[in-house]
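A quick write-up on the structure given underneath.
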Amino acid sequence: MRYSETLVDHFLNPRNAGLMREPDAVGEGEYAGCGDLARVFLRVRDGRVAEARFQAYGCGPTIAAASAGSELIALRPVEDLAHLKPEEVERALDGLPEDRKHAAEVVADAVRAAAGQWLSQRS
Amino acid sequence: MRYSETLVDHFLNPRNAGLMREPDAVGEGEYAGCGDLARVFLRVRDGRVAEARFQAYGCGPTIAAASAGSELIALRPVEDLAHLKPEEVERALDGLPEDRKHAAEVVADAVRAAAGQWLSQRS
Amino acid sequence: MTRRVYLDHNASTPVHPEVVTEMTPYFADVYGNPSSVHGFGRDAREGVDVARERIATFLRVPPDQIVFTSGGTESDNFGVKGLALARGRGHVITSRIEHHAVLRTVQALEAQGFTATYLPVDAYGAVDPDDVRKAIRPDTVAISVMHANSEVGTLQPITEIGRIAREHGVPVHVDAVQTFGKVPIDVDAMGIDLLSFSAHKIYGPKGVAGLYIRKGTKMVAIQHGGEHERRRRAGTENVPGIVGFGKAVEVRGREMHDEARRVSALRDRLWEGIAARVPDVRLNGHPTNRLPGTASLCYRHVESESIVLGLDLKGIAVSAGSACTSGNVEPSYVLVAMGLPLDWAMGAVRSSLGRSTTAEDVDYVVDSVAPLVQKLRQALPVGAA
Amino acid sequence: MTRRVYLDHNASTPVHPEVVTEMTPYFADVYGNPSSVHGFGRDAREGVDVARERIATFLRVPPDQIVFTSGGTESDNFGVKGLALARGRGHVITSRIEHHAVLRTVQALEAQGFTATYLPVDAYGAVDPDDVRKAIRPDTVAISVMHANSEVGTLQPITEIGRIAREHGVPVHVDAVQTFGKVPIDVDAMGIDLLSFSAHKIYGPKGVAGLYIRKGTKMVAIQHGGEHERRRRAGTENVPGIVGFGKAVEVRGREMHDEARRVSALRDRLWEGIAARVPDVRLNGHPTNRLPGTASLCYRHVESESIVLGLDLKGIAVSAGSACTSGNVEPSYVLVAMGLPLDWAMGAVRSSLGRSTTAEDVDYVVDSVAPLVQKLRQALPVGAA
Ligand SMILES: Cc1ncc(COP(=O)(O)O)c(C=O)c1O
Ligand SMILES: Cc1ncc(COP(=O)(O)O)c(C=O)c1O
């Protein structure tokens with residue numbers, strides 16, 4: 001198997017999948033080459049992520065990355081998330097094969113976009 | 001095995017191989033493409049072959065054909081041998097593969113040459 | 001995850017037990033080089049001869065018109081380049097849905113100065129013979145159209161194409177790698193001059209295939225060296241592989257017809273089972289005029305590879321119609337040529353059934369697909385793709 | 001005729017029992033297509049990866065610089081055409097004693113507009129590196145010189161040739177089909193850019209070989225299709241063959257050195273035994289700088305094929321240096337290039353010894369050769385040939 005157990009678990013049992021009604025912020029990441037797409041919804045309380053949900057379209061790792069990403073950001077300050085690195089998402093999956101690194105990038109992009117939206121609305 | 005048992009026997013135990021001293025006639029056959037060479041010596045009594053010997057250079061079938069040919073012509077009228085056909089030599093070997101038919105031709109050529117020599121000396 | 005179900009027979013097949021038995025002695029016992037004239041060589045040669053004879057009998061052609069190669073790809077390269085290069089220059093006709101072994105070969109010929117026409121296909125994936133007729137030019141040197149595509153399995157109208165080609169005196173190469181040994185082929189009735197066919201798609205070993213070359217067809221060799229295969233393909237023969245190939249074909253003669261019926265019914269069961277439980281799914285290719293065991297399904301708004309991964313985790317082997325390689329989207333060019341919209345084409349999954357496939361296998365797959373697709377769709381951005 | 005002695009290891013070899021054991025599961029059990037992403041495919045892929053790793057370890061090169069092919073002939077075609085066609089046009093240097101897989105490939109390139117120099121060899125069959133230097137021109141695009149010829153076994157001065165080639169920036173292809181796994185090869189020290197090597201000459205299966213391609217060497221693929229072997233050689237991998245090849249090479253790592261010593265001594269025993277009992281016989285090739293198990297003998301005034309036939313009837317397999325094919329004389333072009341007179345060259349017989357050859361085998365051969373040659377010479381026209 002070329003994927004970690006953690007990745008497979010997120011793929012088979014995605015956490016926080018689906019739409020969020022009236023979110024405080026939404027962000028999208030898209031991988032141009034591949035058509036992969038992730039969307040992250042945030043509910044924010046006291047500057048921190050109170051709830052996150054995602055939707056993803058793409059190969060297995062992208063779905064797993066979105067799931068792992070939604071757990072990763074729970075309760076973290078939105079300010080921090082504006083700089084979320086793909087490597088952090090990849091670590092949460094216990095690694096990605098070389099040709100699937102974009103899965104982490106798409107999700108990190110989406111999180112940063114959502115965080116950016118929330119920060120700009122607030123200011 | 002692509003050769004008949006008869007051919008193999010002639011090859012392993014060639015009959016009448018070797019030089020003849022003071023023969024009544026000698027004939028040679030050569031296969032240009034291949035370098036194969038057969039030489040037939042005849043001793044003639046009352047117009048018939050009293051003794052035949054051969055020398056041959058070439059692949060196995062050529063040696064076998066010379067041996068079979070030397071048996072084939074024993075006691076036959078020299079006049080007949082002036083028209084000896086390769087097919088007769090081939091039959092005496094119980095057949096030859098397509099790409100070795102020249103073995104019979106070389107030997108038939110040698111026999112016809114020797115017969116021709118004897119006939120022309122006599123006339 | 002103890003259960004394992006292999007529904008990828010169009011990619012490769014398990015070697016038939018009788019084939020393994022037949023080829024095994026040719027490794028350590030009958031190991032001579034068939035070009036050698038001694039007994040060890042003659043024994044090996046006989047193995048090759050018997051195999052050629054078996055395949056010739058199956059195809060109803062003379063044995064000396066069969067050349068052994070190293071695989072379907074080599075046969076395709078040989079067939080297409082062999083025809084084109086023997087004529088030096090000119091125009092080649094092929095279709096948009098050929099295997100890469102033909103497509104990239106035609107492209108390589110284009111790079112050398114040949115010109116090419118890539119024929120379109122209809123919604124079922126079939127070439128229109130009339131398009132072949134229209135494409136033929138005075139300088140057309142070869143036509144190469146496959147018998148059936150590995151992905152959707154629609155059978156091409158080869159007989160009609162062969163007739164048109166003959167009228168114009170153009171030789172026809174047919175890539176039958178996916179059909180040989182699965183559906184009947186009559187090279188004379190179908191007007192085929194060259195036919196590529198392979199072992200590992202029909203329970204024979206990998207690394208061996210064949211090219212039928214009709215007597216009198218002007219061809220050049222593309223692999224140079226010794227005088228093997230009547231000077232048409234140099235290189236010491238893969239004796240065990242060829243022996244296994246011959247046996248595999250002989251077995252096909254016995255098993256092909258019943259299996260086609262059985263596998264065809266199982267394929268219907270698969271499609272009907274999935275269609276009943278999964279919304280927004282379609283079956284690609286011609287409904288009847290097709291390979292018996294191939295089911296190409298498209299799941300709208302789901303991505304092929306995620307389904308393949310999900311099923312793989314259940315021990316099920318199917319293949320993705322679209323592939324994401326190093327960050328480049330590749331929806332199947334075959335489905336695109338058939339006019340499928342991208343939101344369908346991206347979710348293409350091929351199941352290909354074979355001689356060991358059972359009804360229980362099929363039901364297990366149906367039971368696995370339905371919840372998987374549902375779950376994947378839940379994670380889906382609204383209106384994506 | 002119960003005894004059978006195989007002295008034709010340069011033609012092909014019996015597959016090593018450990019190799020058969022290693023490859024057998026890859027027919028009916030691990031049958032996936034290595035390109036498939038599911039578990040069946042990954043298991044097959046792993047077999048291929050392990051084999052590549054083993055061969056890379058043996059050759060001390062990175063695994064991704066090894067491409068699997070279908071045989072030595074394909075490797076040679078690929079190596080020479082791959083270099084030449086990547087450069088479009090130019091001059092190729094090779095030797096007169098190459099295998100036909102190289103010679104006819106160079107001829108095919110000449111027919112496409114390339115030019116070629118065929119280097120002579122000395123009386124031992126060795127190329128003079130100085131001739132290589134002199135042959136190099138500004139438009140030289142490739143040098144292809146074999147490591148050792150299958151018939152006489154003389155090792156070529158590859159290191160010197162490699163050094164000269166490098167000075168001039170010309171890539172070097174080496175056909176090592178007869179030496180790989182028999183004598184040490186160091187592609188870096190020897191300045192080799194491409195190396196052809198094969199399985200069935202070293203107790204691996206027929207139908208699989210390799211080409212080492214030094215990183216950065218400008219090459220084109222010659223077999224077009226799917227994206228296998230990092231796009232350098234299209235076609236489904238011959239998985240069992242590759243697995244067997246890897247094992248064969250691993251075994252060579254263990255057995256090669258002791259065997260070379262043992263086989264070399266047996267070859268001396270053969271030559272000395274025959275020389276003591278048969279007049280007018282000579283040993284061809286370099287006395288020391290050669291393949292360990294190869295003995296090319298010439299029997300003056302006897303024809304090769306009649307010796308091969310005579311020994312075959314005693315169960316002994318050797319090979320003829322000259323062959324009479326459909327009525328055309330063919331003295332070995334290798335011996336002719338070495339300057340052997342025709343009356344010697346026509347009587348060339350090669351014995352090639354291997355891992356199962358025993359002293360009893362050798363003695364049996366000596367005992368069979370002596371009376372046979374005597375008998376054949378008796379039937380000989382005086383002063384013939
Ligand atoms: C129609 C067709 N042609 C050619 C090939 C190439 O066969 P191989 O990869 O075995 O060389 C395939 C294999 O998938 C195929 O389906
Ligand atoms: C030096 C050399 N090169 C290439 C080859 C060709 O190998 P194959 O016939 O296995 O393709 C041989 C085989 O005899 C050889 O000896």
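Only this structure's heavy atoms are used, side chains among them; waters, hydrogens and symmetry mates stay out. Source: prediction; values computed, not measured. A, B, ... follow the sequence lines: proteins, then strands. Residue 1 opens every chain.
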**OP:** Heavy-atom pairs under 4.5 Å with chain C are the metric here; pick the option from E74(D), H228(D), H200(D), Q223(D) that has the most.
**Re:** Q223(D)
**OP:** Carefully, step by step, assess D312(C) and R42(D) under the rule side chain to side chain contact (heavy atoms under 4.5 Å, CB included).
**Re:** CA-CA 11 Å; D312(C) 181 38; R42(D) 290 192 307 270; 2.7 Å; yes
**OP:** For F40(C) and R4(D), run side chain to side chain contact (heavy atoms under 4.5 Å, CB included): C-alpha distance rounded to whole Å, both residues' side-chain angles, the deciding distance at 0.1 Å, then the answer.
**Re:** CA-CA 9 Å; F40(C) 295 81; R4(D) 294 190 90 190; 3.8 Å; yes
Original post:
Among V208(C), D29(C), T73(C), V37(C), who wins on heavy-atom pairs under 4.5 Å with chain D?
Top reply: T73(C)
Original post:
Within a reach of under 6.0 Å around CD of E46(C), are more than 12 heavy atoms found that belong to other residues, nucleotides or ligands?
Top reply: no
**OP:** Could you check which of I316(C), V15(C), I222(C), V19(C) has the highest count of heavy-atom pairs closer than 4.5 Å to chain D?
**Re:** V15(C)
**OP:** Tell me, for T69(D) versus chain C, whether the close heavy atoms (under 4.5 Å) come from the side chain, the backbone, both or neither.
**Re:** neither
**OP:** Against chain D, work out which of P14(C), G41(C), S12(C), G204(C) has the most heavy-atom pairs shorter than 4.5 Å and name it.
**Re:** P14(C)
**OP:** Select one option (side chain, backbone, both, neither) describing which atoms of V80(C) are under 4.5 Å from chain D's heavy atoms.
**Re:** neither
**OP:** Report, as yes or no, whether the 6.0 Å neighbourhood of atom CD on Q112(C) holds more than 12 heavy atoms from other residues, nucleotides or ligands.
**Re:** yes
Original post:
Who in residues 97-109 of chain C is close to chain D, using a strict under-4.5 Å heavy-atom cut-off?
Top reply: H100(C), A101(C), R104(C), T105(C), A108(C)
Original post:
Quick one: are H38(D) and V318(C) in side-chain contact, heavy atoms under 4.5 Å?
Top reply: no
**OP:** To the nearest 0.5 Å, tell me how far K206(D) NZ sits from N238(C) CG.
**Re:** 8.5 Å
**OP:** With a 4.5 Å cut-off on heavy-atom pairs, point out which of P240(C), G71(C), A234(C) contacts chain D the most.
**Re:** A234(C)
**OP:** Grab the two heavy atoms, one from A11(C) and one from N33(D), that are nearest each other, plus how far apart they are.
**Re:** O-ND2, 3.0 Å
**OP:** Give, as side chain, backbone, both or neither, the part of V20(D) having an atom under 4.5 angstrom from any heavy atom of chain C.
**Re:** side chain
Original post:
Which answer fits I242(D), side chain, backbone, both or neither, if we ask what part of it has an atom under 4.5 Å from a heavy atom of chain C?
Top reply: neither
**OP:** Using atom types as modelled and distance alone, determine if a side-chain donor or acceptor of N77(D) lies under 3.5 Å from a backbone N or O of H224(C).
**Re:** yes
Original post:
For the atom pair OG (S70(D)) and CZ (F68(C)), what is the distance rounded to the nearest 0.5 Å?
Top reply: 14.5 Å
Original post:
Do you know which of K81(C), E237(C), H16(C), M23(C) has the most heavy-atom pairs under 4.5 Å to chain D?
Top reply: K81(C)
